[in-house]
Amino acid sequence: MAVTLTAAFSVEGAAAKVARPAAKAPAPSVAVPAVTGVPAGGRPVKAEEDAECVRVKGATACVGPDESDRPGVTIEDTKNDRLHPAVEYYLNGYLGTKYVIHNLGREGEIRGSREIGKSVTFRAAVYNGNRLIKVSRWKTVRDVTKYPVKRETHVTPATAQARSKVCTSTKGAASVCFGGKNTFVFACDTGADTHQARAEYFVDGDPSARFEIQQLAGSNTCGKAEHGDLRVSMYRASVFDGEDEVATRLYRYN
């Protein structure tokens, strides 16, 4: 069953509900977020000239080419309030794995990832804790990076565990596995139900950027993110029903 972007993004600014592909659909994983360490302390002057951006009150999300002031996918906090911004995105037209970077820094600070695919479909969002408050329209950009990441295909929980050094799981059938050097993270759905597996984690000891891999493709599938030489510092596996948490573990330290 082919999974495309057409139906899911036909209405701009629609809620984040994405139809769950059938469990038998191919479930390629995607290599993504590596924290770029985009410097805080003010908006890059040329960011909007070099990058494609979407905005909502309190947040600006951009995808820029390698040579721009804002390369890769980034999310900026543009309002001094108690809410925090996030960028939500899919890579290479595949809806089975959704990635989210939560920017927990202050106004003017930017967080992001250089590890993006040949195409990126993204939007800006504003959260109050884990509750989604508002979103921008979806936007798709293509061919902005010189070395786009490639998808692996058919990564199963057993394969992910065999390739990883650390794995943890929670009841309700979600697991998080990751390796050390050249860090990668798998979020695997191990239960045949309507719930989604989710990896929630921090990288390199930075408490101001929280990463999520939301695996939407169904049982026995995994989504993958890559983080270069930055290590996973805190992590947990969770199970969600839409935006409602069904089960989770306490955060563990690496």
Side-chain angles (χ1 to χ4, degrees), residues 30-44 47 51 53 58-64 66 68-89 91 97-116 120 122-132 145 149 164-168 176-187 198-214 223-238 248-254:
V30 185
V32 241
V35 164
T36 62
V38 180
R43 190 175 308 174
C53 299
T60 297
C62 297
V63 174
D66 296 333
S68 71
D69 290 320
R70 196 177 289 191
V73 58
T74 58
I75 180 66
E76 178 184 0
D77 191 336
T78 60
K79 187 176 180 182
N80 184 19
D81 54 24
R82 295 185 178 181
L83 307 179
H84 76 265
V87 58
E88 305 176 342
Y89 60 103
L91 294 185
T97 306
K98 178 181 176 182
Y99 299 93
V100 185
I101 304 174
H102 293 267
N103 182 353
L104 306 179
R106 298 170 296 179
E107 181 182 9
E109 294 195 1
I110 301 169
R111 298 294 179 268
S113 170
R114 295 288 295 269
E115 305 298 323
I116 60 175
V120 185
F122 69 106
R123 71 178 181 182
V126 174
Y127 282 80
N128 184 359
N130 285 326
R131 186 163 62 92
L132 182 63
T145 183
V149 295
S164 302
K165 292 184 178 180
V166 177
C167 285
T168 188
V176 175
C177 296
F178 58 89
K181 192 174 182 180
N182 298 320
T183 297
F184 54 85
V185 182
F186 287 105
R198 187 176 298 187
E200 301 172 88
Y201 59 99
F202 295 81
V203 175
D204 209 36
D206 180 5
S208 63
R210 190 182 87 217
F211 292 85
E212 291 182 8
I213 309 172
Q214 300 181 11
K224 183 186 178 185
E226 293 185 354
H227 292 275
D229 58 358
L230 302 177
R231 69 182 185 87
V232 173
S233 50
M234 191 164 66
Y235 61 95
R236 69 178 179 179
S238 301
T248 191
R249 298 191 69 96
L250 294 175
Y251 273 109
R252 293 187 172 189
Y253 294 92
N254 180 35

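The chain is numbered in sequence order, starting from 1. Computation of the quantities below employed the complete heavy-atom set of this structure, encompassing side-chain atoms and omitting hydrogens, waters and symmetry-equivalent molecules.
Every residue meeting the side-chain hydrogen bond (donor to acceptor under 3.5 Å, both in side chains) condition with Asp66, not counting sequence neighbours, appears here in chain and number order: Thr145.
Screening Phe202, Tyr201, Phe184, Phe211 for a side chain to side chain contact (heavy atoms under 4.5 Å, CB included) with Val232, the sole residue that qualifies is Tyr201. When each of Gln214, Arg198, Arg249, Glu200 is paired with Ser238, the side-chain hydrogen bond (donor to acceptor under 3.5 Å, both in side chains) condition holds for Glu200 and for no other. Screening Thr78, Asp77, Leu104, Thr60 for a side chain to side chain contact (heavy atoms under 4.5 Å, CB included) with Pro85, the sole residue that qualifies is Asp77.
A distance of 9.0 Å separates CZ in Phe186 from CD1 in Ile213, rounded to the nearest 0.5 Å. For the atom pair OG1 (Thr183) and NZ (Lys165), the distance works out to 9.0 Å, reported to the nearest 0.5 Å. With rounding to the nearest 0.5 Å, the separation of CD in Glu88 from CD1 in Ile101 is 11.0 Å. Atoms CZ and OG1, on Arg114 and Thr74 in that order, are 11.0 Å from each other to the nearest 0.5 Å. Separation of atoms SG (Cys53) and CZ (Phe122) is listed at 6.5 Å; rounding is to 0.5 Å. A distance of 10.5 Å separates OG1 in Thr168 from CG in Leu250, rounded to the nearest 0.5 Å.
In this structure, Tyr253 has its ring center at least 6.0 angstrom away from the ring center of Tyr251. His227 and Phe178 have their aromatic ring centers separated by at least 6.0 angstrom.
Considering every non-hydrogen atom in both Ala124 and Ala61, the closest pair reads CB-CB, 3.8 Å. Nearest approach of Ala86 to Val100, heavy atoms of both residues: CB-CG1, 4.0 Å. Across all non-hydrogen atoms, the minimal contact from Val176 to Ala199 is CG2-CB, 3.6 Å. When every heavy atom of Glu109 is checked against every heavy atom of Asn103, the shortest pair comes out as O-ND2, 2.9 Å. Closest of all the heavy-atom pairs between Ser164 and Cys167 is CB-SG, 4.2 Å.
When side chains are defined from C-beta on, Tyr99 does not count as touching Ser113, because their heavy atoms never get closer than 4.5 Å. Under the 4.5 Å side-chain criterion, counting only non-hydrogen atoms from C-beta, Ile75 is not in contact with Ile110.
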side-chain contact (heavy atoms from CB on, under 4.5 Å) between Val126 and Lys79: does it pass, once the steps are laid out? CA-CA 10 Å; Val126 174; Lys79 187 176 180 182; over 6 Å; no
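Taking the six-membered ring where the residue is Trp, Tyr127 and His84 present parallel rings, their angle staying beneath 30° rather than reaching 60°.
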